[in-house]
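Structure first, commentary second.
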Amino acid sequence: MGFQEAVKAFYKNYAKFEGRASRSEYWWPMLMFIIAYVIMIIASQLGDLIGGIVGLAMVVFFLGSLIPAIAVGVRRLHDGDKSGWFYLLSFIPIVSLYYLYLVIIKGTNGPNQYGPDPLGSDGSVFN
């Protein structure tokens with residue numbers, strides 16, 4: 001899954017907490033957030049009027065992306081055969097490193113209790 005496909009899937013599955021998400025479906029939107037926030041932070045330093053507009057845009061962007069970000073995080077955990085409740089680990093300092101580990105590792109090959117393999121049933125596609 002490429003960048004555009006991943007971002008489209010991110011917003012298309014706005015509040016879908018069931019199923020599984022591949023690593024690319026999770027990490028491409030995270031890269032988009034990093035780039036968008038860096039650009040907005042730089043733009044907010046340009047002046048009072050522009051800074052205020054960009055600040056408002058940042059709030060709208062954050063609020064519009066909060067639910068899909070949580071949903072894709074839960075689906076990413078499901079890919080590793082973990083409960084979505086493990087997402088709460090991301091809010092605990094130090095312990096959040098375990099959450100980071102869970103979203104980095106390769107998911108379960110083949111179907112698991114949360115659904116079919118997003119890469120295909122044989123798991124042969126590298127992602």
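Only a predicted model underlies this, so the values are computations on that prediction, with no experimental measurement involved. Because only heavy atoms are used, hydrogens play no part in the values below, and waters and symmetry mates are left out as well, while side chains stay in.
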Indicate, with yes or no, if Ile67 and Val60 share a hydrophobic cluster defined by side-chain heavy-atom contacts under 4.5 Å among Ile, Leu, Val, Met, Phe, Trp and Tyr. no

So how far is it from Met40 CE to Phe61 CZ, rounded to the nearest 0.5 Å? 5.5 Å

Which atom pair, heavy atoms only, marks the closest approach of Gly110 to Asp117? N-OD2, 3.1 Å

Would you say OH of Tyr101 has more than 12 non-hydrogen atoms from neighbouring residues, nucleotides or ligands within 6.0 angstrom? no

Do you reckon Leu89 sits in the same ILVMFWY cluster as Leu66, going by side-chain contacts under 4.5 Å, direct or chained? yes

How long is the span from the OG atom in Ser24 to the CG atom in Leu31, to the nearest 0.5 Å? 12.5 Å

Cluster question for you: counting only ILVMFWY and a side-chain heavy-atom cut-off of under 4.5 Å, with indirect links fine, are Phe10 and Leu77 together? yes

Please verify the inter-ring angle class for Tyr37 with Phe33; under 30° counts as parallel, over 60° as perpendicular, anything in between as tilted. tilted

Check: Ser96 side chain, Pro93 main-chain N or O, donor-acceptor pair, under 3.5 Å: no

Is Phe17 close to His78 at the side-chain level, that is, under 4.5 Å between some pair of heavy atoms? no

Ala21 to Pro118 - nearest heavy-atom pair and separation: C-CG, 4.1 Å

Who passes side-chain contact (heavy atoms from CB on, under 4.5 Å) against Ile39, sequence neighbours left out? Ile35

If hydrophobic clusters are built by linking Ile, Leu, Val, Met, Phe, Trp and Tyr wherever their side-chain heavy atoms come under 4.5 Å apart, do Met30 and Leu102 end up in the same one? yes

Does atom CH2 of Trp27 have more than 12 heavy-atom neighbours from other groups under 6.0 Å away? yes

Check the hydrophobic clustering (I, L, V, M, F, W, Y; side-chain heavy atoms under 4.5 Å; chains of links allowed) and say if Val38 and Val7 are grouped together. no

Pairs involving residues 74-85, ordered by first then second residue, that meet salt bridge (charged side-chain N to carboxylate O under 4.0 Å, His left out) (sequence neighbours left out): Arg20-Asp79, Glu25-Arg75, Arg76-Asp79

Crowding at CD, Gln4 (>12 non-hydrogen neighbours, <6.0 Å): no

For Gly73 against Tyr99, the heavy-atom pair lying closest together: CA-OH, 3.7 Å

Pairwise side-chain contact, Tyr11 with Ser65, heavy-atom cut-off 4.5 Å (strictly under): yes

